Undergrad: 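Sending over a structure as structure tokens; questions will come in a sec.
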Amino acid sequence: MVLDTCLLRTQYCNHSLHCIRLGMNAQITSVQAILVDLPTIRAHQLAMTTMQRQTVVIVRLRSSDGIEGIGEATTIGGLSYGEESPEGIKLTIDTYLTPALIGLDATNPNAAMLRLNKVARGNRFAKCAIETALLDAQGKRLGVPVSALLGGAARAALPVLWTLASGETQRDIDEAERLLAERRHNVFKLKIGRRSVDADVAHVARIKAALGDRAKVTVDVNQAWSEAQAARGIAALEAAGIDLVEQPTPREQRGALARLASRFVVPIMADEAVAGPEDALELARGACADVFALKIAKSGGLYGMLRTAAVADAAGISLYGGTMLESSIGSIASAHGFCALPQLDWGTELFGPLLLKDDVVTARPQYRDFELHIPEGPGLGLHIDEEKLAFYRRDQ
């Protein structure tokens, strides 16, 4: 039995080394950025916009060894959330990043990303999509999941909340009750900030009262409040039993965030205020938040997200796996990264695929028992559905 085990290990190691040798000369031959418009199941209301559809940028990166990697870049409401738009991401990839990638070693994502950082400053969303495609391809090349390239999965599934964003109190209560009964979600986020503070608090308090201890309820203000409004609103939300308050004030106002975090027991989470490890360091230094929302796109990719998480971890700040409402490709890329984190106290919000009526992969992610289950297989574990991609791509 011991001899058989040793033989199997030797065969596996030899196979891995053979795969690595085969990939040593693999060069990047093409990078394609495709705009895709996907319908949502309902209007999705945020403080800064109302989404009627989601536009994603699908990246297909091919190498001389015949292996293709896929990635995704997605924003929320075009330019309403941040400084990159889907159209701008495609332009950046086509005009600046692709020429810098052609001919590079496809098996060395670190070297490729260093090259891109010299070619273009910022543009984290575009770079994240390319890094994801490089890691997907390398995972396929070596026969391992992307999480293995990040040190291995610490968990096989991820808790996932659902955002109640219809704006109608009873409709949101009914939706939450249905999802609880289906064992799909038991944590709910409410998007607030569009109405008056009093109206928003009343809306949230009614939903929390209806759900009681059966579910956690969090709120996301998306930077919509001033410090004075936030102080009044958070006090009322805390009294109503809300579990977490996300980014109540503008991201630039770190002092306001720090004062609010020190004033209330309910945890305050930084989202828009934290992108990469540099932001994380400054926020930790100023004791600006109790929780950081991690997003691979804002961090410039999976490796950047891990660096951001390491800063928070060292400072004793809790972590939460955020989303840009990506489709299956971007959501599962995030999931591979989040499942590799040592701590993830606040779970995730990787519900993007559930918000979409349709997707461009052959098999959509599985959600059950309040968790997202990571697909099995090498790379991301996903495959493009060519017919659906052809149907939803904007240029067709």
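Along the sequence shown, residues carry numbers from 1. In this text, all values refer to a predicted model and were calculated from it rather than measured experimentally. The figures that follow rest on heavy atoms only: side chains count, while hydrogens, waters and symmetry mates do not.
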Undergrad: Please report the closest heavy-atom contact between A280 and T308, naming both atoms and the distance.
TA: CB-CG2, 3.9 Å
Undergrad: If the test is salt bridge (Lys or Arg N to Asp or Glu O under 4.0 Å), which one of R232, R254, R259 qualifies with E227?
TA: R259
Undergrad: Testing the basics here: between A106 and L134, what is the closest heavy-atom pair and its distance to 0.1 Å?
TA: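 Distance-wise, the nearest heavy atoms are O-CD2, 4.1 Å.
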Undergrad: Under a 4.0 Å threshold between the charged nitrogen and the carboxylate oxygen, would E182 count as salt-bridged to R368?
TA: no
Undergrad: Compare every heavy atom of Y96 with every heavy atom of V119, then report the nearest pair and how far apart it is.
TA: CG1-O, 3.7 Å
Undergrad: If hydrophobic clusters are built from ILVMFWY residues whose side chains come within less than 4.5 Å, do V187 and L190 share one?
TA: yes
Undergrad: For a quick test of reading the model, state the closest non-hydrogen atom pair linking I102 to T29 and the distance between them.
TA: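 Heavy-atom minimum between the residues: CD1-O, 3.5 Å.
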Undergrad: One thing to verify: whether R53 and D37 come together as a salt bridge, which I'm taking to mean a side-chain N less than 4.0 angstrom from a carboxylate O.
TA: yes
Undergrad: Is the closest basic N to carboxylate O distance between E84 and R124 below 4.0 Å?
TA: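 No, no charged N to carboxylate O under 4.0 Å.
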Undergrad: Salt-bridge test for K90 and E87: reply yes if a basic N is under 4.0 Å from a carboxylate O, no otherwise.
TA: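 Not counted as a salt bridge, because no side-chain N and carboxylate O are separated by less than 4.0 Å.
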Undergrad: If the test is side-chain hydrogen bond (donor to acceptor under 3.5 Å, both in side chains), which one of R171, Q170, R178 qualifies with D174?
TA: Q170
Undergrad: Pairing donors with acceptors under 3.5 angstrom, does anything connect the side chains of E349 and W162?
TA: no
Undergrad: Do you see a donor-acceptor pair shorter than 3.5 Å between the side chains of S196 and D198?
TA: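 On atom types as modelled, these side chains do not qualify, holding no pair under 3.5 Å.
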Undergrad: Are Y320 and E246 linked by a side-chain donor-acceptor pair shorter than 3.5 Å?
TA: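 E246 and Y320 do not have a side-chain donor-acceptor pair below 3.5 Å.
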Undergrad: Is D271 paired with K295 through a side-chain N to carboxylate O contact shorter than 4.0 Å?
TA: yes
Undergrad: For the pair E83 and R251, find out whether any cationic side-chain nitrogen is under 4.0 Å from an anionic carboxylate oxygen.
TA: yes
Undergrad: For the residue pair N222 / E272, report whether a side-chain donor-acceptor contact shorter than 3.5 Å exists.
TA: yes
Undergrad: Hey, are R115 and E131 close enough for a salt bridge, meaning a charged N less than 4.0 Å from a carboxylate O?
TA: no
Undergrad: Please report the closest heavy-atom contact between D172 and G167, naming both atoms and the distance.
TA: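 Result for this residue pair: OD2-N, 3.9 Å.
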Undergrad: Is there a side-chain contact between V266 and D290 (heavy atoms, below 4.5 Å)?
TA: no
Undergrad: Identify the heavy atoms of R155 and F338 that sit nearest to each other, and give their distance.
TA: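 Looking at all heavy atoms of both residues, the closest pair is NH1-O, 3.0 Å.
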Undergrad: Do R194 and D200 sit within salt-bridge range, that is, some charged N less than 4.0 Å from a carboxylate O?
TA: no
Undergrad: Decide yes or no on side chain to side chain donor-acceptor pair (under 3.5 Å) for T362 and H383, but give the supporting numbers first.
TA: CA-CA 6 Å; T362 55; H383 303 280; 5.8 Å; no
Undergrad: What I want to find out is whether K388 reaches D359 closely enough, with some N-O distance under 4.0 Å, to be called a salt bridge.
TA: no
